[in-house]
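Okay, structure first, notes after.
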Amino acid sequence: MTADRPARVEDVHELALAMPHVTVVDGGKGNAIYQVGGKSFVFFRTPRPDAVDPETGERLTDVIVFWVESEADKLALVQDGSTPFFTTPHFDGHPSVLVRASRLEELSRQELAEVVQDAWLAQASRRRAAWLAEHGSWYYSRTSSAAPLRT
């Protein structure tokens with residue numbers, strides 16, 4: 001498995017689980033919610049009226065939410081037309097971006113790893129983030145093919 005292949009839904013699960021101190025909570029409809037310290041950092045969203053297919057008007061069934069560090073990070077992702085990230089009015093003022101699972105292949109696995117790592121860092125305590133900064137390269141070489149954290 002290489003980091004430069006197209007990302008898949010399975011990678012979201014693998015990468016989120018590879019982060020330290022992660023728990024998985026089942027949402028009300030069986031959707032996976034990945035948490036660190038009781039705070040969600042990645043979750044598979046249930047269909048909602050604010051995220052619909054522009055052609056059919058049907059609610060999107062494959063939306064994944066990733067936390068981001070700041071509004072600036074969010075805007076950088078959603079305003080870059082080369083990425084599959086988007087937002088809806090429901091998430092105005094919320095530090096997160098959305099992506100459809102059906103569009104994950106527009107990202108490389110390496111890019112997805114960075115998004116998951118950044119989501120984890122946005123929600124992790126300083127103590128946990130410091131641990132990861134100290135052990136990052138060792139941790140990733142032992143748990144997955146994800147790249148070490150960006151510094």
Would Asp11 and Arg5 count as a side-chain contact (heavy atoms from CB on, under 4.5 Å) here? Give the steps.
CA-CA 11 Å; Asp11 296 326; Arg5 67 165 170 73; 2.8 Å; yes

Apply side-chain contact (heavy atoms from CB on, under 4.5 Å) to the pair Val22 and Trp120, showing each step before the final yes or no.
CA-CA 9 Å; Val22 168; Trp120 186 92; 3.9 Å; yes

Take Val52 and Leu60 through the side-chain contact (heavy atoms from CB on, under 4.5 Å) test and state the conclusion after the steps.
CA-CA 5 Å; Val52 297; Leu60 301 178; 5.5 Å; no

Quick check for you: to the nearest 0.5 Å, what is the distance between [X] atom [atom1] and [Y] atom [atom2]?
| X | Y | atom1 | atom2 | result |
| --- | --- | --- | --- | --- |
| Leu98 | Phe85 | CG | CZ | 10.0 Å |
| Arg8 | Glu105 | CZ | CD | 11.0 Å |
| Ser96 | Gln123 | OG | CD | 9.5 Å |
| Phe66 | Gln117 | CZ | CD | 12.0 Å |

Less than 4.5 Å apart, side chain to side chain, heavy atoms only: is that true for Val99 and Val63?
no

side-chain contact (heavy atoms from CB on, under 4.5 Å) filter on Pro95, not counting sequence neighbours, yields Trp67, Val68

What pairs with Arg48 under side-chain contact (heavy atoms from CB on, under 4.5 Å), at least two apart in sequence or on another chain?
Arg45, Thr46, Asp50, His90

Residues in side-chain hydrogen bond (donor to acceptor under 3.5 Å, both in side chains) contact with Thr83, at least two apart in sequence or another chain:
none

Applying the 4.5 Å side-chain criterion to the ILVMFWY set and letting contacts propagate, would [X] and [Y] be lumped into a single cluster?
| X | Y | value |
| --- | --- | --- |
| Val42 | Phe91 | no |
| Leu112 | Val78 | yes |
| Val9 | Phe43 | no |

Report the residues that fulfil salt bridge (Lys or Arg N to Asp or Glu O under 4.0 Å) with Glu55, sequence neighbours left out, ordered by chain and then residue number.
none

Scan the side chains in residues 24-40 for donor-acceptor partners under 3.5 Å anywhere in the protein, sequence neighbours excluded, and list what turns up.
unit_1, atom_1, unit_2, atom_2, d
Asn31, ND2, Phe44, O, 2.6
Tyr34, OH, His13, ND1, 2.5

Is a donor on one side and an acceptor on the other found under 3.5 Å between the side chain of Asp80 and the backbone of Leu77?
no

Walk me through whether Val65 and Val97 qualify under side-chain contact (heavy atoms from CB on, under 4.5 Å).
CA-CA 6 Å; Val65 179; Val97 295; over 6 Å; no

Here the pair of heavy atoms bringing Ala7 nearest to Ser108 is CB-O, 3.8 Å

Pairs where residues 56-77 contributes a residue and the test salt bridge (charged side-chain N to carboxylate O under 4.0 Å, His left out) is met, not counting sequence neighbours:
Asp62-Arg100

Check this for me: does any side-chain nitrogen of one of Glu14 and Arg109 sit under 4.0 Å from a carboxylate oxygen of the other?
yes

